Amino acid sequence: MKEKIYKLINQLYFEHDLMEEDLVYLLDNLEDETRTYLLGLAYDTRNNHYGKAVYMRGLIEFTNYCKRECKYCGINAYNKDAKRYRMSKKDILSTCSIGYKLGFRTFVLQGGEDPYFTDKRICDIVRTVKERFSDVAVTLSLGERSRESYKVMKMAGADRFLLRHETSNPDLYRWLHPFSSLDSRIECLHSLKYTGFQTGAGFMVGLPWYTNRDYARDLRFLKELEPEMIGIGPFIPHSSTSMKDYRPGSLDQTVLMLAILRLLLPKVLLPATTALASVDTRGRKKGLDAGANVIMPNLTPLRYRGDYSLYNNKKSTGSESAEALKMIKQELESYGYMADMSRGDSKMCD
Ligand code: SF4
């Protein structure tokens, strides 16, 4: 059996592909030794394409209003305890200015699905950011919108768009989002690709009832979609949601998924997410060692930061905050990595 596992891992490394059945077999039968081997190959693969550089993104969480119902999320529309805020255009621009002076050349503008931010308002913000800071990339993360909406945002100058698919299991997707469907999520991802965005997808690790078959399907889904960015992180329960009593996803399972994704899509941009750093102090290092190559320090003004509470104990200060850049750089160096402040496009775009 061990021989077969090594063969499958080598196939992942050399061919960057593995069918669903083989992925299930691999996940069912990994042991410490073979897992260490797989993680090592993921580490080498990241080094072959990106070296030890870790791209830095300045994250601006500009609104926590959201019209959606995602059961796991602390700022979903039904959470009456959430203290809502919405940053003005002026606030967003001055935050970009602070980030620019710190050296950031990618801003990630992330928010809930807030109807206040119409296409017109978003395009105006994107256009102004790109005019003022001509060498930056703008990444949007605003949820599901129409193809037309994505198109005008792309034309306004936005470069990238993150939209995690969360799970490729349609029944579970419906349970997590009772008024939405996986089909419409996937349609949005295809629209983003069609529109020319560098597109990000991804899933949550450790959702209730998840099986290795589900993980294998998520991995296959991403392999076939070929996004330029993949954001995955452990599910972390939020005390104000109906999922507050479910068990969180594990660090080790998340790290394993990162490593397999690095082997399936060697040039993808793969963040060691805040959720990973939030579940374990070694989360960021373990993520990087498994092939991740992006981190997203938080630039959101401190007065709002605590209110963007997607899950409990979310890290947004210390080494997750952009103002502590020196600390972040030192932390990366201590792990053998180097912060790269350039706009850092995916090498899939070369
Ligand atoms: S996950 Fe995103 S879309 Fe869903 S409720 Fe939270 S902010 Fe809104």
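Residues take their numbers from the sequence shown, with the count starting at 1. Because the structure is predicted, anything quoted here is derived from the model rather than measured.
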Are the charged groups of [X] and [Y] less than 4.0 angstrom apart, N to O?
| X | Y | value |
| --- | --- | --- |
| Asp280 | Lys285 | no |
| Asp91 | Arg303 | yes |
| Arg220 | Glu224 | yes |
| Glu21 | Arg213 | yes |
| Glu61 | Arg305 | no |
| Arg68 | Glu113 | yes |

- Row check, Tyr194 ring normal vs Arg147 NZ/CZ: under 6.0 Å, within 45°: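 Yes; both conditions hold, so Arg147 lies above the ring face of Tyr194.
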
- Query: Between Arg185 and Tyr173, is NZ or CZ placed under 6.0 angstrom from the six-membered ring centre and within 45° of the ring axis?
  - Reply: no

Linking I/L/V/M/F/W/Y whenever any side-chain heavy atoms sit under 4.5 Å apart, do [X] and [Y] land together?
| X | Y | value |
| --- | --- | --- |
| Leu12 | Met348 | yes |
| Ile125 | Tyr65 | no |
| Leu26 | Tyr43 | yes |
| Tyr308 | Leu109 | yes |
| Leu192 | Val152 | no |

How about [X] and [Y]: does a side-chain donor come under 3.5 Å of a side-chain acceptor?
| X | Y | result |
| --- | --- | --- |
| Gln110 | Ser141 | yes |
| Tyr37 | Glu31 | no |
| Glu226 | Thr199 | no |
| Ser346 | Lys267 | no |
| Thr106 | Arg160 | yes |
| Tyr210 | Thr167 | yes |
| Ser181 | Asp183 | no |
| Thr300 | Asn298 | yes |
| Thr45 | Asn48 | no |
| Gln198 | Asp159 | no |
| Arg86 | Asn64 | no |

Given side chains that start at C-beta, do those of [X] and [Y] come closer than 4.5 Å, heavy atoms only?
| X | Y | value |
| --- | --- | --- |
| Ile5 | Thr34 | yes |
| Leu140 | Val108 | no |
| Thr241 | Tyr72 | no |
| Asp114 | Lys67 | no |
| Met229 | Leu270 | no |
| Asp214 | Phe203 | no |
| Met243 | Leu176 | yes |
| Asn29 | Met1 | yes |

- With distance as the sole test, does Arg262 use its side chain to make a donor-acceptor pair with the main-chain N or O of Val268 at under 3.5 Å?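 Side chain of Arg262 to backbone of Val268, a donor-acceptor pair under 3.5 Å: yes, one is there.
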
- Item | Worked check of side-chain contact (heavy atoms from CB on, under 4.5 Å) between Leu263 and Arg46 | CA-CA 9 Å; Leu263 295 174; Arg46 192 270 327 281; over 6 Å; no

- Any residue meeting ring pair (Phe, Tyr, Trp, His ring centres under 6.0 Å) with Tyr335, in chain and number order, not counting sequence neighbours: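 Tyr335 satisfies ring pair (Phe, Tyr, Trp, His ring centres under 6.0 Å) with no residue once adjacent residues are dropped.
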
Parallel, tilted or perpendicular, as decided by the 30° and 60° cut-offs, for the rings of [Y] and [X]:
| X | Y | value |
| --- | --- | --- |
| Phe221 | His165 | tilted |
| Phe161 | Tyr150 | perpendicular |
| Tyr85 | Tyr304 | parallel |
| Phe179 | Tyr78 | tilted |

Atom of [X], atom of [Y] and distance for their closest heavy-atom approach:
| X | Y | result |
| --- | --- | --- |
| Pro208 | Trp175 | CG-CZ3, 4.4 Å |
| Pro234 | Gly249 | CB-O, 3.7 Å |
| Ile260 | Leu23 | CG2-CD2, 4.2 Å |
| Ile232 | Val205 | CD1-CG2, 4.4 Å |
| Ala339 | Lys329 | CB-CG, 3.8 Å |
| Asn79 | Arg84 | O-NH2, 3.3 Å |

- Task: Assess whether side chain to side chain donor-acceptor pair (under 3.5 Å) is satisfied between Lys89 and Thr128, documenting all intermediate values.
- Result: CA-CA 9 Å; Lys89 177 183 172 188; Thr128 315; 3.3 Å; yes

- Task: Apply the test side-chain contact (heavy atoms from CB on, under 4.5 Å) to residues Asn169 and Leu182: give CA-CA distance (whole Å), side-chain angles for both, the deciding distance (0.1 Å), then the verdict.
- Result: CA-CA 8 Å; Asn169 177 325; Leu182 180 61; over 6 Å; no

[X] atom [atom1], neighbour heavy-atom count above 12 within 6.0 Å:
| X | atom1 | answer |
| --- | --- | --- |
| Lys7 | NZ | no |
| Lys151 | NZ | no |
| Arg132 | CZ | no |
| Glu20 | CD | yes |

- Would you please test Phe107 and Tyr100 for ring pair (Phe, Tyr, Trp, His ring centres under 6.0 Å) and show each step? CA-CA 9 Å; Phe107 298 124; Tyr100 194 84; 7.2 Å; no

- If you round to the nearest 0.5 Å, how far is CD of Glu15 from CG of Leu264? 11.5 Å

- Decide yes or no on side-chain contact (heavy atoms from CB on, under 4.5 Å) for Leu258 and Leu276, but give the supporting numbers first. CA-CA 11 Å; Leu258 284 172; Leu276 199 59; 3.8 Å; yes

- Message: The test is side-chain contact (heavy atoms from CB on, under 4.5 Å); show your working for Val54 and Met338 and say whether it passes.
- Response: CA-CA 6 Å; Val54 178; Met338 193 188 56; over 6 Å; no

